[in-house]
Amino acid sequence: MGLLLALLLCATARPARAQESPYFVLYDHHMEEPGNLEISLSPVLASPRNGPRSLATSLELEYGTTAWWTSSLYLDGASATAGPSAFTGFRLENRFRLLMHEHPVNPVFYVELADTNGADRVAKEIVGFDSWRDFAEPIREARTETEREVETKLILSGNRRGWNVAANAIAEKNLAGAPWELGYAVGTSRPLALAAQPFECHLCRENFTLGLEMYGGLGEAGNLTLSQTSHYLAASVAWSLPNGITLRLSPARGLTQTSNRSFVRFGISYEGHIR
Amino acid sequence: MRIAAFTLVLLVVTACASAPIPARNPYANRPEAVQAGAKLFLQHCAACHGADASGHAAPSLRRAAVQSLPDPALFSFITNGALRRGMPSWAQLPDERRWQLIAYLRSLHDD
């Protein structure tokens, strides 16, 4: 279905290009331009400390509702090296820019509703006491648990001299009644070249943006802690092509015994103006 | 965790040091900057302002009202956008590229 949507978008939209941020987990304050639709496919390969690796994929449709409000729909799926594949749920996300002018630090409020099952392994954020064990559980069993969650983030981000620096505070709550689970993401990124070349080019440095991200869990409301939490350090790169396609890659290493050994995240996206 | 703390400190330092806008476009009258700006315009702006900047869903940028704005005012407008009226902020483009865009917009004046 993703492929079909992508083809439809290519046929009907004019390609548009943003300076794509390379982040996978961290958010900066850049909003989708109004009337732009971006469609992305993001597979993530997780290697738990013990047990089979799993591959999860999310298909995202991101739309610039206004210049200060961006909406996204995600459809998630997962498979493991042993056992069946499964549709693992959907998520609906909205981001609102809180200040209408550019400041050294720009706050954005993020709210997401997720209806997923226990086999969802997209790991778009790490919160609470998330652990590699969640990823090692067989999909067949995990997918019988339903998780209806609301997730909020305060995004703080600023640009200076070509650098972006961003920090996110994350609070997620299972609507079934568990306490708020807390997490964070921080990082920085910069294009390899700040000025543009006078000609169209694919491999020139201006098309590459490098980033460094760190993210992890911080326990729960009333039990803010680092013990038994997982943390990851990730390098990331985005390559924006002149035709509106962006390719992204981010290997991440687990930093604690509770973390997965590693994640490798991929992304391919196409952005077009449809309004 | 140390990296997290380091990034937070960096964010605060970034916040405290705000950059002054130069009084004149550092790329003014450089033909290769005009060409680079034309390329950036097609990538980022043409969908709303038209391929030749003469207006589409958004106003023409060839109008005297735009061309008579001083460089720093134009730079600041493109950086901030007019979010409530549908013009995005382009702060995520490095300063150099926003100046290249302005070099291109200025070149339209002399057509």
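Computed from heavy atoms alone, side chains included, the values below leave out hydrogens, waters and symmetry copies. Proteins come first, then strands; the chains are lettered A, B, ... in the order of their sequence lines, and each starts at number 1.
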Engineer: NE2 of His44(B) to CG of Asn36(A): how many Å apart, nearest 0.5 Å?
Structural biologist: 11.0 Å
Engineer: Does any backbone or side-chain atom of Arg161(A) lie under 4.5 Å from a heavy atom of chain B? Answer side chain, backbone, both or neither.
Structural biologist: neither
Engineer: Of all of Glu102(A), Arg190(A), His103(A), which one pairs up most often with chain B through heavy atoms under 4.5 Å apart?
Structural biologist: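 Sorted descending by pairs with chain B, the first entry is Glu102(A).
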Engineer: Where do Pro88(B) and Ala67(A) come nearest, in terms of heavy atoms and distance?
Structural biologist: CA-CB, 4.2 Å
Engineer: Using the side-chain contact (heavy atoms from CB on, under 4.5 Å) rule, take Trp90(B) and Glu33(A) through it: C-alpha gap first, then chi angles, then the decisive distance, then the call.
Structural biologist: CA-CA 10 Å; Trp90(B) 294 97; Glu33(A) 284 83 47; 3.7 Å; yes
Engineer: Do the side chain of Lys39(B) and the main chain of Pro198(A) share a donor and acceptor less than 3.5 angstrom apart?
Structural biologist: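 Not at all, since once roles are kept as given, no pair shorter than 3.5 Å links the two residues.
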Engineer: Determine the option with the most heavy-atom pairs under 4.5 angstrom with chain A, choosing from Val34(B), Asp95(B), Leu83(B).
Structural biologist: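 Most pairs with chain A among the choices: Leu83(B).
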Engineer: Within a 6.0 Å radius of atom CH2 on Trp69(A), are there more than 12 heavy atoms belonging to other residues, nucleotides or ligands?
Structural biologist: no
Engineer: Supply the atom-to-atom distance Leu93(B) CG to Asn159(A) CG, rounded to the nearest 0.5 angstrom.
Structural biologist: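 So the gap between those two atoms works out to 9.5 Å.
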Engineer: I need the minimum non-hydrogen distance between Ala36(B) and Ala196(A), along with the two atoms involved.
Structural biologist: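 In this case the closest contact between Ala36(B) and Ala196(A) is CB-O, 3.5 Å.
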Engineer: Side chain, backbone, both or neither: which part of Glu32(B) has a heavy atom under 4.5 Å from chain A?
Structural biologist: both
Engineer: Is Phe199(A) in contact with chain B via its backbone, its side chain, both, or neither, using a 4.5 Å heavy-atom distance?
Structural biologist: backbone
Engineer: Side chain, backbone, both or neither: which part of Ser89(B) has a non-hydrogen atom closer than 4.5 Å to chain A?
Structural biologist: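 Just the side chain, heavy atoms under 4.5 Å.
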Engineer: Please rank Met31(A), Met100(A), Gln197(A) by heavy-atom pairs under 4.5 Å with chain B and give me the top one.
Structural biologist: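 Looking at each of Met31(A), Met100(A), Gln197(A) in turn, Met100(A) comes out on top.
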Engineer: Taking the side chain as everything from C-beta on, heavy atoms only, tell me whether Gln43(B) gets closer than 4.5 Å to Ser240(A).
Structural biologist: no
Engineer: Is there a side-chain contact (heavy atoms from CB on, under 4.5 Å) between Gln92(B) and Asp28(A) once you walk through the steps?
Structural biologist: CA-CA 10 Å; Gln92(B) 90 276 15; Asp28(A) 61 23; over 6 Å; no
